[in-house]
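Naming: A, B, ... by sequence-line order, numbering from 1 per chain. Excluded from the calculations below are hydrogen atoms, water molecules and symmetry mates; all remaining heavy atoms, backbone and side chain alike, are included.
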Number of protein chains: 2
Amino acid sequence: MGSEKVTSVEVARHAGVSQSAVSRVFTPGASVSPKMADKVLKAAEELGYRPNVLARSLITGRSRIIGLVVAYLENQFYPDALEKLSNALQAHGYHILVFMVSNDDAGIDKVMGELLDYQVDGIITASVGMSNELASRCSNAGVPVVLFNRGQDDERLNQVTSNNFEGGRKIAEFLVAGGHKRIAHIAGWAGSSTGRDREAGFRAGLEAAGQELLACVDGMYRRETAAAAALDMFKGGDRPDAVFVGNDHMAFAVMDVLRFELKLDVPGDVSVVGYDDVPLSSWPAYDLTTLRQPSNRMVEATVSTLLGWIEEGSKDVQKIKIDGPLMIRGSARVPEGWPNERL
Amino acid sequence: MGSEKVTSVEVARHAGVSQSAVSRVFTPGASVSPKMADKVLKAAEELGYRPNVLARSLITGRSRIIGLVVAYLENQFYPDALEKLSNALQAHGYHILVFMVSNDDAGIDKVMGELLDYQVDGIITASVGMSNELASRCSNAGVPVVLFNRGQDDERLNQVTSNNFEGGRKIAEFLVAGGHKRIAHIAGWAGSSTGRDREAGFRAGLEAAGQELLACVDGMYRRETAAAAALDMFKGGDRPDAVFVGNDHMAFAVMDVLRFELKLDVPGDVSVVGYDDVPLSSWPAYDLTTLRQPSNRMVEATVSTLLGWIEEGSKDVQKIKIDGPLMIRGSARVPEGWPNERL
DNA sequence: TCTCAATTTGCATACGTATGCAGAACAATC
DNA sequence: GATTGTTCTGCATACGTATGCAAATTGAGA
């Protein structure tokens, strides 16, 4: 035991050929005779040789590494997306280098530097924004960036989101149609485009129906914050009869507070609607009505955008918005005759 | 725009010094005069230079990349561990390259090859086993491996788990003390050491109390399988009065079936105990009594073991088992006077 | 068998950095 | 100021691979 690394030079010697020949055998599309390929592959097999990706990338300028920046994995939507992204990229021969980051500028700056140090071929940020300066650095370094589930105005940044405005609007429509008169919102983080867009769409939808928000609080996309907001919002006698919560992760906290602390019935006393449709939402313990973010299609769009830039040299900045259906379940009163989009 | 990559050679020229000088300035512990450091850092700053990690690792033989092999992220325990592992390693200047893998030998073999191609400094497998041949390859390549939350007899593989046998035993003790007489088990995957050890400990605990398992089914660590098993196990009239489910992820499915399909009361009709203590377990919708796997300490042990091998050349194979407390909550009848370990 | 084109091979070099070695600069001591 | 010891610096080379170029081989056609 302990055979250590075996290099292309050793394989070459063992096979009685040049190092270049070995290299060519392992480079798809290079010019090699079948005889040579046989000889080399046999020698490689015997010595247990495999090309060193790092050395290769030094020459080719391609590391086949994609940097993924993610703030937290507590919200099930992100591990789910991570798994799908990783699988999709793996199928194309890429792998994901993970960078956890606290959602403030200092942390992101530091991490993004480390990212570029690894010569990543591309960057995906999940629910994380970027400073302009950072966007410039990536752009200068020729590293394409896709913001996943986060929008930003910068014209150099690709982005893939659900249609958050439209989603918010649909939910408003649904709640209004259900006869709710006192509608509140526990919003996603105001520092994020997703949070702002969902809220804006929601307000627009209410307005179109001649209603307006009874109350609105920033839940910061955090469980504790949302729970506190819910407690505060619903403890009084003049409580809302419906609430749209900015994502499912917070909606669970809100339902917990409503049902177990305030002993309210959902949806009897209050209708609750979330956003994301994470797996837990469909479990009967919550049975949450929610707007689905189609993570499969979002991942697909993210990967194809990224690979387009990396492998085909695309320069078209994509700002992709994907519509998702409202998943009607048991946490919100359903208007009579409302069509279930799941069908 | 498009300044492209800037190298140490350009910094050297710009500062009027040699390339080696630049390298030394960016190598901690190298011999450099303050004057030189100033000059170089200034030049580097002006050009926006950062060392190329890949080129560096070609020389040093250290990539500062840790490969993480993981089968699925659906069970919240794993994203949680991933986040903590990533943070801990980041603090030491390492990063995680993610490899998703289906839990069969073929997939693992393929992925492990890719892993070694990246010259990773170490490998962590989360809930994934390794063939002997694979273990040999890693060992030969000098790449240390830590199995996280999975045991295996191979004497070359480090491993960090909770004390699964003892955990299972504790749960048996708890259920027996609670006066349950018809105790069943929906086990973790029989192909995993964790599943087998928990079951063995559980059986041992029952036996010590003069009881034996009423029924036992393999839940494969999968939600659907566990749900089906629960339905089958509890639909008859002679159903168990308590069930230990091999992990929380399955326990939620079991509770869903018991409460929403079979209309049974938990813990009135049936006590349910899980294993892991994922965040969701403490939410009031489930309020699951469960044995905590102390992920913080498990991560800590994993990281220090790995870094011991990588940075200090340790050769001591560690087989670490960490005890966890039983988290007493509302899903299982509590024996009178039972001490709550949380205190 | 000889010629010419097409294919395959080897040589040399490049990628961006780290490091042993020897010489240069410097500080300290007498 | 000469001598010693110490700290810095530059030179050269190495890490493992890919690739342009020229030489070598192959095969076809006459």
Side-chain angles (χ1 to χ4, degrees), chain A residues 3-41 43-44 47-65 93 114 116-121 141-142, chain B residues 3-41 43-44 47-65 93 116-121 141-143:
Chain A
S3 71
E4 300 308 316
K5 319 276 184 192
V6 24
T7 74
S8 60
V9 177
E10 303 175 45
V11 175
R13 191 176 313 147
H14 189 253
V17 300
S18 75
Q19 180 269 327
S20 344
V22 177
S23 170
R24 274 188 267 261
V25 170
F26 285 91
T27 305
S31 164
V32 200
S33 70
K35 208 172 51 180
M36 170 69 83
D38 279 358
K39 237 192 318 189
V40 169
L41 286 174
L47 299 182
Y49 168 76
R50 308 209 62 188
N52 180 331
V53 176
L54 266 39
R56 170 179 288 173
S57 67
L58 190 54
I59 296 262
T60 61
R62 294 261 140 98
S63 62
R64 306 201 79 81
I65 296 177
E114 301 177 19
L116 294 176
D117 294 349
Y118 276 98
Q119 314 297 114
V120 294
D121 289 343
Chain B
S3 72
E4 301 307 315
K5 317 276 183 191
V6 25
T7 74
S8 60
V9 176
E10 302 175 45
V11 176
R13 191 176 312 147
H14 191 252
V17 300
S18 73
Q19 180 268 329
S20 345
V22 177
S23 170
R24 274 188 267 261
V25 170
F26 285 92
T27 305
S31 164
V32 200
S33 70
K35 209 173 46 180
M36 170 68 84
D38 279 358
K39 239 192 315 187
V40 169
L41 287 174
L47 300 181
Y49 169 77
R50 308 208 63 185
N52 179 331
V53 176
L54 266 38
R56 170 179 286 174
S57 67
L58 192 54
I59 296 262
T60 61
R62 294 261 140 97
S63 61
R64 306 200 79 81
I65 295 177
L116 294 175
D117 294 349
Y118 276 99
Q119 313 298 115
V120 293
D121 289 344
V143 180

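For B:Tyr49, a side-chain nitrogen or oxygen approaches OP1 or OP2 of C:dT17 to under 4.0 Å. Contact check, B:Ser18 against D:dG10: a side-chain N or O comes under 4.0 Å of OP1 or OP2. Residue A:Ser33 places at least one side-chain N or O closer than 4.0 Å to OP1 or OP2 of C:dT9. Under 4.0 angstrom from either OP1 or OP2 of D:dT17 there lies at least one side-chain N or O belonging to A:Ser8.
Atoms CD and CG, on A:Glu10 and A:Leu47 in that order, are 7.0 Å from each other to the nearest 0.5 Å. Put simply, OG on B:Ser63 and OH on A:Tyr118 are 7.0 Å apart, with the number rounded to the nearest 0.5 Å. The CD atom of B:Gln19 lies 9.0 Å from the CZ atom of B:Arg24; values are rounded to the nearest 0.5 Å. A:Ser8 OG to A:Arg50 CZ: the interatomic distance, rounded to the nearest 0.5 Å, is 14.5 Å. Taken to the nearest 0.5 Å, the CZ atom of A:Arg56 stands 5.5 Å off from the OG1 atom of A:Thr27. Here the CD1-CD1 distance, from B:Ile65 to A:Ile65, works out to 4.5 Å after rounding to the nearest 0.5 Å.
Taking 4.5 Å as the limit, every side-chain heavy atom of B:His14 sits out of range of all side-chain heavy atoms of B:Tyr49. Put simply, the side chain of B:Leu58 reaches to within 4.5 Å of the side chain of A:Asn52, judged on heavy atoms.
Considering only the side chain of B:Thr7, C:dG16 comes nearest among D:dT17, C:dA18, C:dG16. Closest to the side chain of A:Gln19, from the set C:dT17, D:dG16, D:dA18, is D:dA18.
Going from atom NZ of B:Lys39 over to atom P of D:dC8 covers 14 Å, rounded to whole Å. If you take CD of B:Glu10 and C1' of C:dC15, they are 13 Å apart, rounded to a whole angstrom. Computed from coordinates, the A:Lys5 NZ to D:dG16 P distance equals 9 Å when rounded to whole Å. In this structure, B:Leu116 places its CG atom 16 Å from C1' of D:dG16, rounding to the nearest Å. Between B:Met36 atom CE and C:dC26 atom P the separation is 12 Å, expressed in whole Å. Rounding to whole angstrom units, CD of residue B:Gln119 and C1' of D:dC15 are separated by 11 Å. The separation between A:Ile59 atom CD1 and C:dT13 atom C1' is 9 Å, rounded to whole Å. Here C:dT8 presents its P atom at 14 Å from CG of A:Asp38, a figure rounded to the nearest Å.
Toward the 5′ end of DNA chain D lies the nearest nucleotide of B:Pro34, the other residue of the pair B:Pro34 and B:Leu58 mapping further downstream. Nearest-nucleotide mapping onto DNA chain D: of B:Ala55 and A:Ala21, the residue sitting toward the 5' end is B:Ala55.
In this structure, B:Ser23 reaches the bases: a heavy-atom distance under 4.0 Å links it to at least one base atom across the strands shown. Using a 4.0 Å heavy-atom cutoff across all strands shown, A:Val32 reaches sugar-phosphate atoms only and no base atom. Note on B:Ser31: a base of the nucleic acid sits closer than 4.0 angstrom, heavy atoms only.
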With B for base contact, S for sugar-phosphate-only contact and - for none (protein heavy atoms under 4.0 Å), nucleotides 20-28 of chain D reads B--------
